[in-house]
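Each remark here refers to the structure printed beneath this line.
What you see is a predicted model; the values in this text were computed from it and never measured.
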2 protein chains.
Amino acid sequence: MATSDFQQLLRESALRVTRPRLAVLGAVHSHPHADTDAIIRATREELPDVSHQAVYDVLRALTDAGLVRRIQPAGSVARYEARVADNHHHVVCRSCGAIEDVDCAVGAAPCLHPSGRHGFVVDEAEVVYWGLCPDCSAAGSEPATTSRGRA
Amino acid sequence: MATSDFQQLLRESALRVTRPRLAVLGAVHSHPHADTDAIIRATREELPDVSHQAVYDVLRALTDAGLVRRIQPAGSVARYEARVADNHHHVVCRSCGAIEDVDCAVGAAPCLHPSGRHGFVVDEAEVVYWGLCPDCSAAGSEPATTSRGRA
DNA sequence: CCGTATTCTGGAACGAGTCAAGAATACCTG
DNA sequence: CAGGTATTCTTGACTCGTTCCAGAATACGG
């Protein structure tokens with residue numbers, strides 16, 4: 001995706017087009033499921049002097065605008081992805097924290113009938129599959145080198 | 001549930017029976033979905049001098065033993081509940097953070113066929129429904145008094 | 001090109017949770 | 001029932017992701 005596309009995305013969401021925003025948007029698009037720190041580093045490859053605060057602000061703005069999605073499996077720091085509004089879910093590795101996309105198992109719309117439960121007005125069903133990624137699974141119960149644990 | 005029941009639960013899990021553990025177990029049973037701070041306070045009603053560290057340690061031990069379940073919706077601190085091994089899920093209020101139990105929508109076992117995805121060995125499917133609780137829903141978009149937001 | 005509202009910089013602050021060392025305690029054994 | 005030992009609890013410092021703040025820089029409508 002080109003810079004001009006990102007510019008358009010921003011404008012369509014009534015967001016000002018700034019260099020930090022373009023850089024962060026690019027970073028999120030090229031690093032799916034990256035955590036904030038990784039995004040800061042990726043952003044700085046393009047724009048060496050962005051402050052971490054700017055990245056936090058931008059991620060919040062982009063999330064609020066729906067241009068990126070924030071995901072945060074239990075025990076993990078915040079992560080961001082660019083796939084939005086297509087109702088997919090995630091598998092998370094208990095051992096190394098790796099995340100992969102999983103398309104909705106049951107159908108298009110929210111996978112489970114989410115309405116009228118206990119009087120709650122439900123607008124989204126989020127599914128997280130927990131398990132072991134191929135690497136950690138192959139490594140048996142040996143601690144993975146990338147180990148992060150779950151809690 | 002009585003103290004003697006908790007004692008037995010601990011012994012069955014090969015955990016030593018200590019006053020802090022009994023107190024924390026009691027607190028979790030009587031305060032479903034409470035966060036750590038609330039559990040510390042509840043525990044101190046029975047055992048005024050427990051350290052927060054002891055509560056953290058105990059909660060970890062109980063979680064590892066499967067006597068309590070740790071839940072942590074995105075943007076929330078860790079919460080604990082005593083209902084375990086019955087495959088239920090949760091509705092979370094985006095406005096005030098309230099959590100309610102929801103029994104599995106599709107059947108007994110993990111709601112969605114969680115196996116062989118991308119080579120991951122999946123052992124659990126966790127579902128979180130996001131929306132507004134009756135109170136916040138009724139209050140329209142006015143900020144709830146208990147407001148916690150989501151991020 | 002100017003003015004103004006928004007965004008970014010730099011640095012301090014916050015809070016949930018963890019680490020570490022020593023004191024207390026549960027519980028196995030004889 | 002006492003002794004020994006491994007586990008657990010206390011105390012207090014500390015980490016790390018994230019947020020708050022005030023002032024400087026900037027985008028962009030007019």
>> Is the distance between the ring centroids of A:Tyr80 and A:His31 under 6.0 Å?
In response: no
Whole angstrom is fine here: how far is it from [atom1] in [X] over to [atom2] in [N]?
X	N	atom1	atom2	answer
B:Leu47	D:dC9	CG	P	10 Å
A:Arg41	D:dG17	CZ	P	10 Å
A:Leu10	D:dT26	CG	P	18 Å
A:Ile40	C:dG10	CD1	C1'	14 Å
A:Arg19	D:dA25	CZ	P	16 Å
A:Arg21	D:dA27	CZ	C1'	10 Å
A:Arg79	D:dT18	CZ	C1'	16 Å
B:Tyr56	D:dT11	OH	P	17 Å

Which nucleotide wins on minimum distance to the side chain of [X], given the candidates [options]?
X	options	value
A:Gln53	C:dT25, D:dT18, D:dT19	D:dT19
B:His52	D:dT26, D:dT11, D:dT18	D:dT11
B:Asp57	C:dG17, D:dT10, C:dC8	D:dT10
B:Val50	C:dA16, D:dT10, C:dT7	D:dT10
B:Arg60	C:dC8, C:dC27, C:dT18	C:dT18

> Which of parallel (below 30°), tilted (30 to 60°) and perpendicular (above 60°) describes A:His33 and A:His90?
Replying inline: perpendicular
>> Measuring to OP1 and OP2 of C:dT6, would you say a side-chain N or O of A:Thr18 lies under 4.0 angstrom away?
In response: no
>> Pair B:Thr36, B:Tyr56 - check side-chain contact (heavy atoms from CB on, under 4.5 Å), show working.
In response: CA-CA 8 Å; B:Thr36 310; B:Tyr56 274 100; 3.6 Å; yes
> Starting at the 5' end of DNA chain C, which residue's closest nucleotide do you reach first, B:Arg16 or B:Asp37?
Replying inline: B:Asp37
Mind checking if [X] touches a base, just sugar-phosphate, or nothing, with heavy atoms under 4.0 Å?
X	answer
B:Ala78	sugar-phosphate
A:Asp49	sugar-phosphate
B:Ser51	base

>> I need the minimum non-hydrogen distance between B:Leu9 and B:Leu67, along with the two atoms involved.
In response: O-CD1, 3.9 Å
> Is there a donor in the side chain of B:Asp101 and an acceptor in the side chain of B:His88, or the other way round, less than 3.5 Å apart?
Replying inline: yes
